[in-house]
There are 2 protein chains.
Amino acid sequence: MDEQKKNATIYDVAAAVGVSLATVSRVVNGSDSVRPATRDKVLAAIEELGYQPNAVARGLASKKTTTVGVVMPDITNLFYSELTRGIDDIARMYRYDVLLTNTDDEEEQAVTAIKNLAQKQVDGIIFMGTKLSDKVLLAIKATGVPVVLAGSVAENGALPSVNIDYEAAFEKVTSLFLDKKHEKVALTLGSNDRTIDQKFRLAGYQKALQQAKIAYDDALVFTGAKNYADGQKLADEILAQKADAVVVYDDEVALGILNAAQDAGKKVPDDLEIISSNNTTYTLVARPELSSIDQPKYDIGAVAMRMLTKLMNKEELGDDQITLPYTLVERASTK
Amino acid sequence: MDEQKKNATIYDVAAAVGVSLATVSRVVNGSDSVRPATRDKVLAAIEELGYQPNAVARGLASKKTTTVGVVMPDITNLFYSELTRGIDDIARMYRYDVLLTNTDDEEEQAVTAIKNLAQKQVDGIIFMGTKLSDKVLLAIKATGVPVVLAGSVAENGALPSVNIDYEAAFEKVTSLFLDKKHEKVALTLGSNDRTIDQKFRLAGYQKALQQAKIAYDDALVFTGAKNYADGQKLADEILAQKADAVVVYDDEVALGILNAAQDAGKKVPDDLEIISSNNTTYTLVARPELSSIDQPKYDIGAVAMRMLTKLMNKEELGDDQITLPYTLVERASTK
DNA sequence: ATGAAAGCGCTAACAG
DNA sequence: CTGTTAGCGCTTTCAT
């Protein structure tokens, strides 16, 4: 019946102890200048009344919400969810809560999400996604809060970010195939209008080609495949180009290509070598297991979040473009 | 230099138009009773000043934050992330933001998360996870806000929930194997102390056994495997029991068993039939593809969130224990 | 070390 | 239809 316990306020505990609410506020916030005796009394009353500070009121008064916004393409995408797990763990460590939004990597949804987070007065934002258009950039700047990109890059280092060196990684794996005298190395990318694909992954691929003195042939570059089914469809096209190796930017897509190629009677890696890019669990469940570029996904998220805490604290950052090491994990889909 | 545009407040726009802040508040909140002419002027000023309502202040004044808390075991688990995707989409449709917390399915973390969400004054909570202990239940009750379970059940319908009929589903797939005259049908579960595993999945399995007049043998029931690697390890034990079919509660685990069994020279489905339970993408990437109980994961999340909106609105709910239909997807891992 | 008082930016009666 | 007036629950100077 007494559902009405009405969430005790700071006033209630002040009254119970016979001090001012300022004092209660001080002990709640761990201020030094409170006599131990009073502190104890206050603490007791808090316990007694089951007082829980109202974070909204706090946020309004202090202009800090201890909440960060996380904007990501899709929570069901293993790559992003692992990044986010890193973000979440570090956020929690620093006592921030996470307001999450899926954007499907769409510009409009991203802009809406960012504006909304600004209204909610988040203290900072982590942004993930490949479409970092001017509109998105503008929306980000307009929020006035610090933003860090995780697994995503802005041109000219316009925004702090944490990544691996995609260009070097793609150059390396491409060279790996080229060194084996493969003439036709295919490449699959997410899109042809994204910085990360064009300026980094494709660039690395081309660099390797150039070094091996092999002409670039855009019939060998495939864009648009985003998931397993897309990958399966793509296999035909890749095979039709008589590619003898393929570098794939995503694990699910790589798995689709792998399975479809095998279902079509091709031998992997004998007829077609495949290397993927995110080293998620998918690479392990494949038969043969997929070789992959391993990005430290969890760490990218964790480091990005750590960086954000510094920014929110107005601490000085040394470099705001962090590059984490990647490794090449060779399994059975390559020789 | 004029970084100081200082986020216009409702006062600024009121002053700009020459009306009271109440009027501005009314147009912002779409109240009917505002003369169109004034409304337009206010809207113009809002546009002009780039006014964005401060959700924190709003939350404090109205005691509604338009934010819901989502408590889940692990964002990188495909089953939960798909549920969450459904939750998120519906939440957004109803203009709620989502505060997300991972608990690793640990009781303590869940309790902490729930308390924290209460402090943040969320309007409602969606809870996912298999460990719905008394402590968690208590913490939930203490928040005073509506809570809905998604893909999780409380005993005696203590909390509103959205699920499939796990017992029926497990009975059905077990019977499927039993009907083929398999004598040794193994079962793998997440744990032996969870309601969902014990009271539903195991119960369904036992029911099928009973109906087929086959004695229950607990050597055929395996608990504790949670991921792909665990599944791989488990394969040996299952094979050692000479099981000729196995029902697995999780896709990753099923895939581990499948791959390890095949790597050990067994033929699937000839030597061992396998059926899994969540029908995530993992079932498709497997070779042979895994047969699976298909739960409408996205829908479970979506329906749970929809239910929560009703609860937050104090609308009447017909039934608060919703059971969504499951289907059996037969693929190549069963005959 | 503690209290008084002034907001934070907005909503919500209550008048008119 | 619009304005006035209180707060929402807390932080934060500024005094004392």
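We name chains A, B, ... by the order of the sequence lines, and we start the count at 1 in each one.
Counting heavy atoms from C-beta on, the side chains of Met72(B) and Leu83(B) never come closer than 4.5 Å. Counting heavy atoms from C-beta on, the side chains of Leu60(B) and Val56(B) never come closer than 4.5 Å.
Of the possible donor and acceptor atoms, one in the side chain of Asn77(A) sits under 3.5 Å from a partner among the backbone N and O of Phe79(A). Not one N or O on the side chain of Ser81(B) forms a donor-acceptor pair closer than 3.5 Å with the backbone of Thr76(B). Asp88(A) contributes no side-chain N or O that, together with a main-chain N or O of Thr84(A), makes up a donor-acceptor pair within less than 3.5 Å.
When the side-chain nitrogen and oxygen atoms of Thr23(A) are compared with OP1 and OP2 of dG3(C), one or more of them lie within a distance under 4.0 Å. At least one side-chain nitrogen or oxygen of Thr38(B) sits closer than 4.0 Å to the OP1 or OP2 atom of dT2(D). An OP1 or OP2 oxygen of dC1(D) is reached within less than 4.0 angstrom by no side-chain nitrogen or oxygen of Ser33(B).
Two end axes, each from the C1' atoms of five base pairs, can be drawn for the helix from dA1(C)-dT16(D) to dG16(C)-dC1(D); they diverge by 30°, to 10 degrees.
Scanning for side-chain hydrogen bond (donor to acceptor under 3.5 Å, both in side chains) contacts around Thr103(B) gives an empty result, with sequence neighbours left out.
The interatomic distance linking Gln121(B) (CD) with dC10(C) (P) rounds to 19 Å, in whole Å. Regarding Asp40(B), its CG atom lies at a distance of 15 Å from the C1' atom of dC1(D), rounded to whole Å. One can place CG of Leu60(A) at 9 Å from P of dC8(C), the figure rounded to the nearest angstrom. Distance, Asp12(A) CG to dG9(D) C1': 10 Å, rounded to whole Å. The separation between Arg39(A) atom CZ and dA1(C) atom C1' is 11 Å, rounded to whole Å. Nucleotide dG9(D) holds its C1' atom 15 Å from the NZ atom of Lys120(B), rounded to whole Å. The separation between Lys41(A) atom NZ and dA1(C) atom P is 15 Å, rounded to whole Å. Computed from coordinates, the Lys63(B) NZ to dG9(D) C1' distance equals 8 Å when rounded to whole Å.
Asn313(A) and Glu315(A) form a side-chain donor-acceptor contact under 3.5 Å, judged by distance and modelled atom types alone.
Within the 4.0 angstrom heavy-atom criterion, no nucleotide atom of any strand lies near Val56(B).
Crowding of Glu48(B) atom CD: a count of heavy atoms from other residues, nucleotides or ligands under 6.0 Å not exceeding 12.
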(request) Using a 4.0 Å heavy-atom cut-off, write out nucleotides 11-16 of chain D from 5' to 3' as B (base contacted by protein), S (sugar-phosphate only) or - (no contact). (result) SBB---
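Between Lys120(B) and the options Thr67(A), Asn54(A), Thr65(A), a side chain to side chain donor-acceptor pair (under 3.5 Å) holds for only Thr67(A).
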